Trainee: 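My questions will all concern the structure given below.
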Amino acid sequence: MSTKAYAAHSATTPLAPYTLTRREPLPTDVEIDILYCGVCHSDLHSARSEWGPSTYPLVPGHEILGLVTRVGDKVTKFKVGDTAAVGCLVDSCRTCSSCAADLEQFCLGGPVFSYGGPDKHSGGQTQGGYSEKIVCDEAFTLKVPTNLDPAAAAPLLCAGITTYSPLRKWGAGPGKKVGIVGLGGLGHMGVKFAHAMGARVVLFTTSQGKVEDGLKLGADEVVISKDPAAMAKHAGSFDLILDTVSADHDFNAYLALLKLDASMVLVGAPPAPQSVSAFSLILPRRNLSGSLIGGIAETQEMLDYCGSKNITCDIEIIPIQAINEAYERMLKSDVKYRFVIDMASLKG
Ligand code: NAP
Ligand code: ZN
Ligand code: ZN
């Protein structure tokens, strides 16, 4: 089925209109009319081949929320008219040890990402949510609590799960001091979740203008990371630091703030390697780790948690025609705090 979209056609040209073909729904497929799609910094990294060469045309977008328009005859979880969502994953092998452990993002056969992955049904590559419609197996389609505003819920599908999962795994909660580095799409959800989980939250930002917002979003304290004296006050005091920064920065400055045996977890994915001094880890014994989105079951758990606590993202709605300008603003750290595309602008 012919579907209007916006695609990157090369690493150096602006995104532009494109028409892609979606498969007709198979027996276990859900067809979704996309209402909103969040704009993740990973979309920009991928559109511009910053993590390695992308295949073009590439339709980004993995924070996808819409209404079910058709279901295959074996679908049990969804019916026409339901609100449904698709995040970063659309398939996996479903049999390996990672899949069996609900960690499809680490599928040993290779997780199939929502864009730029191998499309085993249609050939070629998967294409993401900057489009009118998507067709996805119901096993990788999420239910969205009906009390949440749909536009503000869309970014939960990546920014939400990517911060929720490591905060849970590394035990953010009462009595724990948790640092969130960077107040962008991921960072603002990291602050909200760590606060909701009961931790003491310290936000590290490079942007003086975000201090007030950081406090409103749930931080107990905001530190300007460019100020060495302000950083030094927190030396050796954190149980966990979650780093969401998208560009080059000094990991050692944050490792110095960890307690014995505490962890700094990277979710931000700067394209270039960053350097780490061995002494940042050995004295006192510290951990540097990483985390990738979350599995489907945990993504549903996160959505249900947001439903029960009324947590959504702080968003700025844009028409698809403003996507290139949005990317430029994202590069200037000028996002409050997630762009969400109103897909009606594509259909009109
Ligand atoms: P974003 O909205 O652009 O936020 C990134 C934030 O990092 C900025 O707002 C800024 O915060 C800070 N920052 C930017 N450049 C910086 C620099 N040179 N030095 C220090 N701080 C800087 O991006 P996002 O969508 O949240 O994504 C963040 C990163 O996570 C990207 O690399 C993305 O690809 C990655 N990601 C990873 C996963 C995963 O599963 N691991 C999932 C999604 C995204 P301040 O203004 O507060 O300093
Ligand atoms: Zn993302
Ligand atoms: Zn697998």
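This one's a predicted model, so the numbers in the text were calculated from it and none came from an experiment. Starting from 1, each residue takes its place in the sequence as its number. Basis for what follows: all heavy atoms, side chains included, without hydrogens, waters or symmetry-related copies. When a ligand or atom number is given, it counts from 1 through the structure's own listing order.
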Trainee: Before accepting this row, confirm whether a basic side-chain N of the pair E24/R70 lies closer than 4.0 Å to the acidic partner's carboxylate O.
Mentor: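 Answer for the salt bridge query: yes.
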
Trainee: Please confirm whether the ring centroid of F193 lies under 6.0 Å from the ring centroid of H195.
Mentor: no

Trainee: Just need the protein heavy atom nearest to atom 25 (O) of ligand 1, so name the residue and atom and give the distance.
Mentor: R338 NH1, 2.6 Å

Trainee: Evaluate S207 for polar contact with ligand 1, using N/O atom pairs at a separation under 3.5 Å.
Mentor: yes

Trainee: Closest by any non-hydrogen atom to atom 5 (C) of ligand 1: pick that one out of G87, S246, S165, P166.
Mentor: S246

Trainee: Look at atom 34 (O) of ligand 1 and say which protein heavy atom is nearest, naming residue and atom and giving the distance to 0.1 Å.
Mentor: S42 OG, 2.8 Å

Trainee: Tell me: protein heavy atom nearest atom 11 (O) of ligand 1, and distance?
Mentor: L183 N, 3.2 Å

Trainee: Among G268, G290, S291, A159, which one puts a heavy atom closest to atom 30 (O) of ligand 1?
Mentor: G268

Trainee: Specify the closest pair of heavy atoms between D33 and K347, including all atoms of both residues, with the distance to one decimal.
Mentor: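 D33 and K347 have their closest heavy atoms at OD1-NZ, 3.2 Å.
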
Trainee: So, does E138 use its side chain to make a donor-acceptor pair with the main chain of V30 at under 3.5 Å?
Mentor: no

Trainee: Run the numbers for me: atoms of ligand 1, each under 4.0 Å from some heavy atom of K210, listed by number.
Mentor: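 Within the 4.0 Å cut-off of K210, ligand 1 contributes 9 (O), 11 (O), 45 (P), 46 (O), 47 (O).
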
Trainee: Counting heavy atoms only, name the option from V245, L292, V267, D334 that's nearest to atom 16 (C) of ligand 1.
Mentor: V245

Trainee: Per the side-chain hydrogen bond (donor to acceptor under 3.5 Å, both in side chains) rule, which among K192, E301, E298 passes with Y164?
Mentor: E301

Trainee: Given H45, H41, R329, identify the one with the heavy atom nearest to atom 27 (O) of ligand 1.
Mentor: H41

Trainee: Would you call K77 and D82 a salt bridge, using N to O less than 4.0 angstrom?
Mentor: no

Trainee: Any heavy atom of V335 sitting closer than 4.0 Å to ligand 1?
Mentor: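 No, V335 has no heavy atoms under 4.0 Å from ligand 1.
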
Trainee: Taking a cutoff of less than 4.0 Å between a non-hydrogen atom of the residue and any ligand atom, is Q105 in contact with ligand 1?
Mentor: no

Trainee: Compute the shortest N/O to N/O distance between Y337 and ligand 1 and return yes if it is under 3.5 Å, no if not.
Mentor: no

Trainee: Look only at the side chain of S225 and the backbone of T205, and say whether a donor-acceptor pair between them is shorter than 3.5 Å.
Mentor: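 Looks like yes, one N/O pair under 3.5 Å.
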
Trainee: Once you restrict to heavy atoms under 4.0 Å, what part of D248 touches ligand 1? Side chain, backbone, both or neither.
Mentor: backbone

Trainee: Establish, for the pair R168 and Y305, whether the NZ or CZ atom is under 6.0 angstrom from the six-membered ring centre and no further than 45 degrees off its axis.
Mentor: yes

Trainee: Please list the nearest protein heavy atom to atom 20 (C) of ligand 1 with its residue and the distance rounded to 0.1 Å.
Mentor: T206 CG2, 3.5 Å

Trainee: Tell me whether G182 has any N or O atom under 3.5 angstrom from an N or O of ligand 1.
Mentor: no

Trainee: Looking at I293, which atoms of ligand 1 are within less than 4.0 Å of one of its heavy atoms?
Mentor: 39 (C), 40 (O)

Trainee: Would you mind checking which non-hydrogen protein atom is closest to atom 15 (N) of ligand 1, with the distance to 0.1 Å?
Mentor: A247 CB, 3.8 Å

Trainee: For atom 39 (C) of ligand 1, find the nearest protein heavy atom and state the residue, atom name and distance (0.1 Å precision).
Mentor: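 Of every protein heavy atom, T162 CG2, 3.4 Å lies nearest to atom 39 (C) of ligand 1.
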
Trainee: When you draw lines from the Zn ion (ligand 2) to SG of C158 and to NE2 of H62, what angle lies between them, to the nearest 10°?
Mentor: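 It is 110°, given to the nearest 10°.
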
Trainee: List every atom of ligand 1 that sits less than 4.0 Å from any heavy atom of W51, numbering the atoms from 1 in the order shown and giving each element.
Mentor: 34 (O)

Trainee: Should the pair H249 and F251 be assigned to parallel (<30°), tilted (30 to 60°) or perpendicular (>60°) ring geometry?
Mentor: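 The arrangement is perpendicular - the two ring planes meet at more than 60°.
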
Trainee: Only heavy atoms of T205, strictly under 4.0 Å: list the atoms of ligand 1 that pass.
Mentor: 45 (P), 46 (O), 47 (O), 48 (O)

Trainee: Are R22 and D29 ion-paired here, with the side-chain N under 4.0 Å from a carboxylate O?
Mentor: no

Trainee: Is it true that E325 and K332 make a salt bridge, defined as a side-chain N closer than 4.0 Å to a carboxylate O?
Mentor: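 Judged by the 4.0 Å cut-off on N to carboxylate O distance, E325 and K332 do not form a salt bridge.
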
Trainee: Give yes or no for whether the N/O distance cutoff of 3.5 Å, strictly under, is met between L186 and ligand 1.
Mentor: yes

Trainee: Parallel under 30°, tilted from 30 to 60°, perpendicular over 60°: which one fits the rings of F204 and Y254?
Mentor: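 The arrangement is perpendicular - the two ring planes meet at more than 60°.
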
Trainee: Below the 3.5 angstrom mark, is there an N/O of A269, backbone or side chain, next to an N/O of ligand 1?
Mentor: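 Min N/O separation from ligand 1 is below 3.5 Å for A269.
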
Trainee: Can you confirm, on distance only, whether ligand 1 has an N/O atom lying under 3.5 Å from any N/O atom belonging to G185?
Mentor: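 Yes; at least one N/O pair falls below 3.5 Å.
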
Trainee: Under the 3.5 angstrom rule, does the side chain of Q274 hit a backbone N or O of A272 as a donor-acceptor pair?
Mentor: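 Yes; at least one donor-acceptor contact below 3.5 Å.
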
Trainee: Quick one: does any side-chain atom of Q125 pair with a main-chain N or O of P57 as donor and acceptor, under 3.5 Å?
Mentor: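 Flag set: sc Q125 to bb P57 pair under 3.5 Å.
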
Trainee: Looking only at non-hydrogen atoms, which of S225, P155, G184, S333 approaches atom 4 (O) of ligand 1 most closely?
Mentor: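 Heavy atom nearest to atom 4 (O) of ligand 1 belongs to G184.
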
Trainee: Aromatic contact between F113 and H62, with the criterion being ring centroids under 6.0 Å apart: yes or no?
Mentor: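 No, ring centres 6.0 Å or more apart.
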
Trainee: Among all protein heavy atoms, pick the one closest to atom 28 (C) of ligand 1 and tell me residue, atom and distance.
Mentor: T244 O, 3.0 Å

Trainee: Considering the heavy atoms of C158, write down every atom of ligand 1 situated less than 4.0 Å from one of them.
Mentor: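 Every atom of ligand 1 under 4.0 Å from some heavy atom of C158: 42 (C), 43 (C).
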
Trainee: Answer yes or no: is there an ion pair linking D261 with R285, defined by an N-O contact shorter than 4.0 Å?
Mentor: yes

